[in-house]
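A short write-up of the structure that comes next.
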2 protein chains.
Amino acid sequence: MPRPSKPLISRTAAVAAALEIIDTEGLEAFSVPRLAKHLGVQAPSLYYHFADKAELMSAVALHVIGDVSLPRRKPGPDWPEYFVTLGLNFRTGILRHRNAAPILLQALPRTVLLRRYEEAAEFLAASGVPEELHVQILDGMERLSLGAVLTEAVRSPGSRATIFPNVDPASQPALARALAANDRTSKRLYEEMIRSFLYGVVRDAELPAAQPTAQGRRLTS
Amino acid sequence: MPRPSKPLISRTAAVAAALEIIDTEGLEAFSVPRLAKHLGVQAPSLYYHFADKAELMSAVALHVIGDVSLPRRKPGPDWPEYFVTLGLNFRTGILRHRNAAPILLQALPRTVLLRRYEEAAEFLAASGVPEELHVQILDGMERLSLGAVLTEAVRSPGSRATIFPNVDPASQPALARALAANDRTSKRLYEEMIRSFLYGVVRDAELPAAQPTAQGRRLTS
DNA sequence: ATTATCTATAGATCTATAGATAATGC
DNA sequence: ATTATCTATAGATCTATAGATAATGC
């Protein structure tokens with residue numbers, strides 16, 4: 001039946017199905033014929049909606065980060081918390097689809113992220129953060145959050161429980177002690193990592209100094 | 001000739017050839033038959049040296065990070081520079097083989113990195129850094145450097161020149177201003193990112209405070 | 001005329017195993 | 001006997017295009 005009364009395929013349905021395959025069977029399991037079977041159509045039909053496989057993957061990547069919501073916070077001296085929230089949202093969104101994480105690295109058009117950067121840059125300016133630091137903060141946040149989340153996403157199910165897997169106290173005593181002295185979860189480490197970074201960036205700036213945590217103190221100049 | 005006088009294939013030669021293919025033709029171009037042709041042997045012969053393709057990829061990943069040398073620094077109050085050097089070595093080593101970067105994310109056994117962490121943990125202890133911070137620092141350094149370098153490695157040749165590509169001053173004025181106010185290269189941003197992070201981690205600790213840069217100042221308590 | 005599917009198929013690969021075979025080392 | 005290659009091949013895919021075809025909307 002060469003043209004159905006109602007279209008069988010839509011881009012969004014195709015992307016959702018692709019993500020479902022990747023989530024449940026892994027990235028390797030994904031292919032165009034595979035997706036077609038999942039949708040109950042023939043493989044070549046998908047090429048009517050996507051130019052090629054790369055465009056499909058790109059659409060999947062967009063869908064994954066499209067779910068990440070931007071923080072609704074007022075500019076001000078606690079501006080670092082905007083980025084902490086952003087980073088955590090980002091982490092949650094990606095970990096929901098951890099098998100798709102490698103796609104983000106390769107197929108994510110950077111121009112998409114840039115639209116968010118503009119808003120973040122405005123936020124920084126409105127918060128009184130010196131302009132010289134904006135690129136440091138935005139570039140740093142991109143690298144840090146993408147990297148931090150990707151490494152977490154590809155971790156095997158077995159090694160997810162501990163921060164470092166298979167530490168042998170006999171041959172790695174210093175590491176074992178370090179682990180024993182740590183009481184933070186992976187999520188908490190990530191969250192604090194963002195605060196630390198932002199605090200460090202503004203360490204020499206006059207103001208607005210970061211007051212990221214309850215114990216946060218002001219820098220003297 | 002079913003067995004040559006001298007072996008035609010060695011693991012190291014195979015890995016080196018694999019990396020050469022990946023470097024010059026991209027990760028997609030790599031396959032076992034492809035590697036065999038490059039070595040002048042038949043594809044199945046490679047399965048005598050590697051159990052499967054995954055083991056081969058893993059060996060390639062190991063080779064890439066094997067080139068990264070550990071810093072030779074004495075423990076002391078400028079301990080952050082140990083990590084800055086480590087991070088820069090890591091960056092240089094990976095950017096030498098940027099097409100192989102995605103392999104590191106997926107095929108790198110974490111136990112390999114752990115051997116280095118033990119040395120780093122000893123170094124932190126000897127420098128007088130409180131034990132509670134060791135995991136924060138090691139975990140943070142892993143996420144930060146892997147992430148920062150991967151995002152840099154997959155950047156397309158065209159967009160490498162600028163920090164953010166295709167910024168339109170009309171629609172993205174805040175971003176354009178931020179870029180204009182930035183005078184740092186990608187490498188420099190990465191380097192300072194590590195310093196900022198480490199400085200931030202110890203921001204509340206009594207001592208040894210980080211003195212990462214010439215302008216570095218001490219925290220008051 | 002345009003839209004959205006289908007069938008058919010080109011064309012190129014891949015991964016991995018089984019089993020033969022000759023050189024080497026004991 | 002072991003080592004290190006080879007040939008042959010199973011078996012499974014893939015990506016993508018060409019061209020047919022029927023439903024829809026003008």
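Just so it is clear, the model here is predicted, and its values are computed rather than measured.
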Between A:S186 and A:R91, a side-chain donor and acceptor under 3.5 Å: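 Per modelled atom types, A:S186 and A:R91 side chains form no pair under 3.5 Å.
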Under-3.5 Å N/O pairs linking protein and nucleotides 24-26 of chain D:
| residue | atom | partner | partner atom | Å |
| --- | --- | --- | --- | --- |
| D:dT24 | OP1 | A:S5 | OG | 3.1 |

How many angstroms lie between [atom1] in [X] and [atom2] in [Y], if you round to the nearest 0.5 Å?
| X | Y | atom1 | atom2 | answer |
| --- | --- | --- | --- | --- |
| B:L108 | B:I103 | CG | CD1 | 10.5 Å |
| A:R34 | A:E25 | CZ | CD | 4.0 Å |
| A:H38 | A:F30 | NE2 | CZ | 11.0 Å |

Crowding at CG, B:D168 (>12 non-hydrogen neighbours, <6.0 Å): yes
Whole angstrom is fine here: how far is it from [atom1] in [X] over to [atom2] in [N]?
| X | N | atom1 | atom2 | value |
| --- | --- | --- | --- | --- |
| A:E55 | D:dA16 | CD | C1' | 14 Å |
| B:L8 | D:dT5 | CG | P | 5 Å |
| B:K37 | D:dT5 | NZ | C1' | 19 Å |
| B:L35 | C:dT13 | CG | C1' | 16 Å |
| A:L39 | C:dA4 | CG | P | 16 Å |
| A:R11 | C:dT5 | CZ | P | 13 Å |

Min side-chain heavy-atom separation A:L88-A:V84 under 4.5 Å: yes
Rounded (10°) bend between the five-pair end axes of the helix from C:dA1-D:dT24 to C:dT24-D:dA1: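 So the angle between the two local helix axes works out to 0°.
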Among D:dC14, D:dA4, C:dT15, the one nearest A:P33 by side-chain distance: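 Between D:dC14, D:dA4, C:dT15, the one nearest the side chain of A:P33 would be D:dC14.
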Of residues 22-32 of chain B, the positions that come close to DNA chain C - non-hydrogen atoms, cut-off under 4.0 Å: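 B:S31, B:V32 - these, ordered by number, are the residues of the stretch whose heavy atoms sit under 4.0 Å from the strand.
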Minimal non-hydrogen separation, B:E152 against B:R98, with atom names: O-NH1, 3.2 Å
Non-hydrogen atoms of B:V64 and B:A100 that approach each other most closely: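 Scanning both residues, the minimum pair turns out to be CG2-CB, 4.5 Å.
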A:F50: partners by ring pair (Phe, Tyr, Trp, His ring centres under 6.0 Å), with sequence neighbours left out: none
Chi angles and distances behind the salt bridge (Lys or Arg N to Asp or Glu O under 4.0 Å) call for B:E119, B:R115: CA-CA 7 Å; B:E119 187 179 315; B:R115 231 173 306 151; over 6 Å; no
Intermediate values then yes/no, salt bridge (Lys or Arg N to Asp or Glu O under 4.0 Å), A:E55 and A:R11: CA-CA 11 Å; A:E55 191 184 308; A:R11 277 181 72 100; 2.8 Å; yes
Residue-level proximity of residues 41-53 of chain A to DNA chain D when a heavy atom falls under 4.0 Å: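 Only A:P44, A:Y47, A:D52, A:K53 qualify.
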Selection: residues 13-21 of chain A, any non-hydrogen atom under 4.0 Å of DNA chain D: none
